[in-house]
Structure formats: structure tokens, C-alpha cells
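These notes concern the structure reproduced below.
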Amino acid sequence: DQQVKQNSPSLSVQEGRISILNCDYTNSMFDYFLWYKKYPAEGPTFLISISSIKDKNEDGRFTVFLNKSAKHLSLHIVPSQPGDSAVYFCAAKWSGGSNYKLTFGKGTLLTVNP
Amino acid sequence: NAGVTQTPKFQVLKTGQSMTLQCAQDMNHNSMYWYRQDPGMGLRLIYYSASEGTTDKGEVPNGYNVSRLNKREFSLRLESAAPSQTSVYFCASSELRGATNEKLFFGSGTQLSVL
């Protein structure tokens, strides 16, 4: 059972436009969400995160929105740049309990065309 | 700024062979992890070490063993490699497992093929 879903395997946008990457989750216990970016032949790198007590977190060109009632989060990149071309992973965790497991989605390949 | 260093970067094994993937971090992090990534799949946790001296199974531990050699180093061993273990393996570390805002720092990965 996939608890974190990224239903779009790929997304292509023009440079300067907005990129919107989506992520849905099924486990209502998740209370912390992260986005990681991965370039080919490199490991994932942390991009931005959001706690369930917030509905928005912004860091420069990157903004993450959380809709708890819909169990949905999205990553907005404005404006998109060719260097943003990478695979983006959504991840979620439950801060309670003793497992502290971080659950990843399958990733979305973003291509930003010059 | 080495961060998390994994060796080797590439490895080809025959079925039944054994090997150890090495990982070291220089950030004085307490927790270390081994993940695998398969095509069309997210990262899945194999084993983790919350702190020096402890190790625990993750989501997909079968066929693997780990050793937390010291605070810096965490190795992953395949005793008898199988084609199903063909994957990209990532080592990661974090300052403190379980912290609400815990962030993982990943190595660049090991591409392993088992023939």
C-alpha cells in the first residue's frame, strides 16, 4: 500500500513559468512533509519542508502548500529555471511513536526547457 | 565539504557473491541509514542506526546485514547477492533520528548490478 503518492511521473515546463509538483498521502498520522531534489548520479538533497501545523512554507523560489483535509501537498517553483530539472521526491513522516519512518513517493521528473 | 561518502560507486556481482558497501559521514551525525532505489519506486529503507552501537531493520532488510563501525561509518553487507538486489543504494545520515524536523543528507549512491 503506497502511503505517499506522486501520480505524475514527469512534468515539462518552460523556463520562467511556474512548476507545480503534486503529492498525495493516505496516512492521516503524517505530520511532517519534505521535498527532496535529485540530479542524475547524485544523492537526493533536501529542498524544503512543512509541518502539519502550517499550510504554507516559502524559501526563495520554492513554496510548499499543505492541504490537510485533502491529504495533499504541492511544491511550487517560480520562476522555473533549467537548473531545476531533476527528480523531485515527496516524503512524509509521523513524529510520534518510535518508528520515525520517512516514507518516500516514487518521484516526479521535472524538465525545464530553455 | 565531503558530507556522506559512499564506496564503491559502481559494482557488478555474480549471483551468490558477497560484498560490503562502505559509508562514512563527517558531519558528526548520530543517525545513519541505508536506502535502495529501484526504477519507478521511491526510496525504501533497508536498515538504520539511530546512534552508535545500535542498528534496526527498516522496510526491506532481507538479504542484508549492517555494521555501525563507529560514529562515522555504517556498512551494508550482501552475504549472497541475488538479481533482486540489483539497485541503486544510498547511504544517508541525520543529526538525530526522530527529531521533528529531521533532515537526511545522502551520499551519491552505489549502482549495483547482480548478474
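Here is the naming used below: chain letters follow the sequence lines, and residue numbers restart at 1 for every chain.
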- Which heavy atom of A:F89 sits nearest a heavy atom of B:M41, and at what distance? CE2-O, 4.5 Å
- Query: CG of B:L43 to NZ of A:K106: how many Å apart, nearest 0.5 Å?
  - Reply: 13.0 Å
- Query: With chain B, which of A:G105, A:G107, A:C90 has the greatest number of heavy-atom pairs at distances under 4.5 Å?
  - Reply: A:G105
- Message: Under 4.5 Å between side-chain heavy atoms, counting indirect links through other Ile/Leu/Val/Met/Phe/Trp/Tyr residues: same cluster for A:L73 and A:L11 or not?
- Response: yes
- Message: Hydrophobic clustering (ILVMFWY, side-chain heavy atoms < 4.5 Å, transitive) - are B:F105 and B:V66 grouped together?
- Response: no
- Query: Are B:V88 and A:L109 in one and the same hydrophobic cluster, where Ile, Leu, Val, Met, Phe, Trp and Tyr link if side-chain heavy atoms are under 4.5 Å apart?
  - Reply: yes
- Message: Taking atom CZ as the centre, does A:R61 end up with more than 12 heavy-atom neighbours from other residues, nucleotides or ligands that are less than 6.0 angstrom away?
- Response: yes
- Query: Are the aromatic ring centres of A:Y36 and B:F106 under 6.0 angstrom apart?
  - Reply: yes
- Item | In one Ile/Leu/Val/Met/Phe/Trp/Tyr side-chain cluster, 4.5 Å: A:L34, A:I20 | no
- Treat each ILVMFWY residue as a node, draw an edge where side-chain heavy atoms are under 4.5 Å apart, and state whether B:Y35 and B:L78 are in one component. no
- Query: Any side-chain heavy-atom pair from A:L102 and B:L104 closer than 4.5 angstrom?
  - Reply: yes
- Message: Counting only non-hydrogen atoms closer than 4.5 Å, does B:F90 touch chain A with its backbone (N, CA, C, O), its side chain (CB onward), both, or neither?
- Response: side chain
- Message: With chain A as the partner, which of B:Q6, B:E59, B:Q111 has the greatest number of non-hydrogen pairs under 4.5 Å?
- Response: B:E59
